[in-house]
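Below you'll find the structure, written out as structure tokens, and then a few comments.
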Number of protein chains: 2
Amino acid sequence: MNKKILIADDEKRMRILVSDFLSIEGYDMLEAADGKQAIDLFMKNPQIHLVILDVMMPLYNGWEVCQAIRKISEVPIIMLTAKNKEPDELNGFDSGADEYITKPFSPSIFVARVHALMKRTYGLQSESKEIIKGDLCIHLMQHRVTVSGDIIELSQTEYALLLYMIQNESQVLSRDQLLDHVWGYDYQGTDRTVDTHINRLRIKLRKSGSYIQTQRGYGYKFEVT
Amino acid sequence: MNKKILIADDEKRMRILVSDFLSIEGYDMLEAADGKQAIDLFMKNPQIHLVILDVMMPLYNGWEVCQAIRKISEVPIIMLTAKNKEPDELNGFDSGADEYITKPFSPSIFVARVHALMKRTYGLQSESKEIIKGDLCIHLMQHRVTVSGDIIELSQTEYALLLYMIQNESQVLSRDQLLDHVWGYDYQGTDRTVDTHINRLRIKLRKSGSYIQTQRGYGYKFEVT
DNA sequence: ATTTTGTGTGATATAGATGTAACATTAGTT
DNA sequence: AACTAATGTTACATCTATATCACACAAAAT
């Protein structure tokens, strides 16, 4: 379950920018174009893990939204402020925001601060929930796999298959087992389906593909050589 | 691979407390803050070995989550109940929980009960599922054989043959016996097939091959010299 | 609607496992 | 020592499991 983030900004470009970066990082984004929308969305989605508010917004400004949310929730809040506005900064902390970031900002720094706040608030989760096996790294939160740092695009099935095999590292898994756990218990598929997906995984994982070993007559197993 | 435990409790403090203690004990912890999250997490992680549910949770309460999980899994479930609630206890067993622990509880007792339930359910497992004979080691779970630590690749038949002989250590096994048990009762083959496979085994096992001894006129036996 | 992406299945190719037979060697017998 | 039967060893034809490819279809994105 990805963490949900609410981004409220009247500038569409900014919303899209922020949403794109954070989506890539594995968060589910909700967008609001003004203060009222922001509050409404927050009320309707109890499971929002982080709120990002632009100060300048129609209907209710960022501080007002912040205070409204604070009345009912301890959710971490990041304020986006324009440059060099001392009073705003103070004001931001007063109204209960956890951080403020001045525009313009670099996406990477922005993302890093979001991660950090997530981590501070919810524990490891946002980042470090990753499994490292040799050159292979599974970023669980983000559903992303890297090999020696290179991002590998995997489909749902491929990801699930890889994860299941890693979770059962060093154990030989029969095709039936894999079909049951990755495709579902009631799934009607042939063994060849598994083979094909194993093949695709191996190709996509490149050198790390060799971690998936064939156990002739039994099935496959994942093991770092 | 560590055993995975899902802890579901709406109180963050409680989640952290439990997670910390069990992490130290070597378990991998997954956390859910409400009933829905708990169910979602469980669905997404087929490899959860134990579930701990607080009774009082938003969205779905512990009993409901318990029943939902029970519909698809026999995973051991521990319920955390408030003190002195007889009906809850009964209810807990009805909904399929394996144990219930009343809050507040002492961490050490808690941990002990988790360990006990793990052991009861999964046995010793991670260790000791191997047979050691001299330099030879059969890792049953992994279907793997090692000689002095070196991995030996065996085919199905070879593995089955070796295992059968080891299971009947020091007994002379006729070729017919071996054909019956390793190849199957209805198998139509000549005695010489056994010889060939014995030969292959001896070669693959290298020095440990000498554990397979010929009993001229009778058959073969496995014995560590 | 069109393109792209994911998925499952079958066909074919390849590699590995198996059984048999031929030949070599050994152990036991005379 | 010579013979014989059992076993060891090797080679090879056959079979089987897996790898790989190609394609049809479905789902998703554009």
Side-chain angles (χ1 to χ4, degrees), chain A residues 16 19-20 23-24 143-145 151-165 172-207 209-222, chain B residues 143-145 151-165 172-184 186-207 209-222:
Chain A
I16 290 176
S19 284
D20 283 351
S23 297
I24 292 170
H143 265 253
R144 175 188 283 172
V145 174
I151 294 171
I152 305 295
E153 297 291 346
L154 295 184
S155 73
Q156 289 293 112
T157 318
E158 287 157 0
Y159 182 81
L161 176 59
L162 177 61
L163 204 56
Y164 183 69
M165 296 198 71
V172 179
L173 303 167
S174 71
R175 291 177 174 73
D176 279 347
Q177 247 175 308
L178 292 170
L179 282 171
D180 282 353
H181 285 91
V182 177
W183 279 262
Y185 284 89
D186 52 351
Y187 184 77
Q188 297 291 62
T190 79
D191 289 356
R192 302 296 96 220
T193 300
V194 178
D195 295 27
T196 301
H197 277 266
I198 289 282
N199 186 331
R200 288 172 181 150
L201 256 183
R202 282 176 170 156
I203 292 169
K204 286 194 180 179
L205 299 183
R206 306 181 60 86
K207 62 186 168 191
S210 62
Y211 299 158
I212 299 174
Q213 293 170 24
T214 305
Q215 217 66 8
R216 180 167 272 256
Y218 296 102
Y220 301 94
K221 74 174 172 186
F222 182 94
Chain B
H143 266 260
R144 175 186 281 174
V145 174
I151 295 169
I152 306 295
E153 298 289 348
L154 295 184
S155 75
Q156 288 189 77
T157 321
E158 288 157 0
Y159 182 82
L161 176 59
L162 176 61
L163 205 56
Y164 182 70
M165 296 196 70
V172 180
L173 302 165
S174 72
R175 292 177 175 73
D176 279 347
Q177 248 176 307
L178 291 170
L179 281 173
D180 282 352
H181 284 92
V182 177
W183 278 261
D186 53 351
Y187 184 77
Q188 300 289 60
T190 79
D191 290 0
R192 306 315 313 281
T193 300
V194 178
D195 296 29
T196 303
H197 276 267
I198 289 283
N199 181 266
R200 287 172 181 149
L201 255 184
R202 282 175 171 158
I203 293 169
K204 286 194 179 178
L205 299 183
R206 306 181 61 87
K207 62 186 168 191
S210 62
Y211 299 157
I212 300 173
Q213 294 168 24
T214 305
Q215 220 63 10
R216 196 181 179 83
Y218 297 98
Y220 301 95
K221 74 173 174 184
F222 182 94

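Please read all numbers here as calculations on a predicted model, not as lab measurements. Chain naming here is simple, since letters A, B, ... match the order of the sequence lines and numbering starts at 1 in each.
- Side-chain contact, B:Y159 with B:R144: no donor N or O sits under 3.5 Å from an acceptor N or O.
- Between the P atom of D:dT10 and the NE2 atom of B:H197 lies a distance of 16 Å, rounded to the nearest Å.
- Residue B:W183 places at least one side-chain N or O closer than 4.0 Å to OP1 or OP2 of C:dG19.
- Put simply, CD1 on A:I203 is 8 Å from C1' on D:dT20, counting in whole angstrom units.
- The CG-P distance, from A:L161 to C:dG8, rounds to 11 Å in whole Å.
- OP1 or OP2 of D:dA19 has not a single side-chain nitrogen or oxygen of A:N199 nearer than 4.0 Å.
- When heavy atoms are screened at a 4.0 angstrom cut-off, A:E153 is found touching no nucleic acid atom at all.
- Within 4.0 Å of A:T157, counting heavy atoms only, lie sugar-phosphate atoms of the nucleic acid but no base atom.
- Separation of atoms CG (B:D180) and CG (B:L173) is listed at 11.5 Å; rounding is to 0.5 Å.
- A:E158 is not listed as a side-chain neighbour of A:L162, based on a closest heavy-atom distance of 4.5 Å or more.
- Judged by atom type and distance alone, A:R200 reaches the base of C:dG8 through a side-chain donor-acceptor pair under 3.5 Å.
- A sub-4.0 Å separation between OP1 or OP2 of D:dA17 and a side-chain N or O of A:Y220 is absent.
- D:dG8 atom C1' lies 10 Å from atom CZ of B:R175, rounded to whole Å.
- Backbone-only contact: B:S155 has heavy atoms under 4.0 Å from sugar-phosphate atoms and none from a base.
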Checklist entry - Can you list the steps and then say if B:L178 with B:Y220 is a side-chain contact (heavy atoms from CB on, under 4.5 Å)? => result CA-CA 9 Å; B:L178 291 170; B:Y220 301 95; 4.3 Å; yes

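- Nearest-nucleotide mapping onto DNA chain C: of A:K204 and A:T193, the residue sitting toward the 5' end is A:K204.
- B:Q213 places its CD atom 16 Å from the C1' atom of D:dG8, with the value rounded to the nearest Å.
- Among the heavy atoms of the strands lying under 4.0 Å from A:T190 are primed sugar atoms or P, OP1, OP2 only; no base atom is included.
- Look at A:R202 and you'll find a side-chain N or O under 4.0 angstrom from OP1 or OP2 of D:dA19.
- A:L179 has its CG atom 14 Å from the P atom of C:dT7, to the nearest Å.
- Between B:L201 atom CG and D:dT9 atom P the separation is 13 Å, expressed in whole Å.
- Look at CZ on B:R192: it is 15 Å from C1' on C:dT18, rounded to the nearest Å.
- Across all their heavy atoms, B:L179 and B:T190 have their closest contact at CD1-O, 4.1 Å.
- Using a 4.0 Å heavy-atom distance criterion, A:T214 is classed as a sugar-phosphate-only contact.
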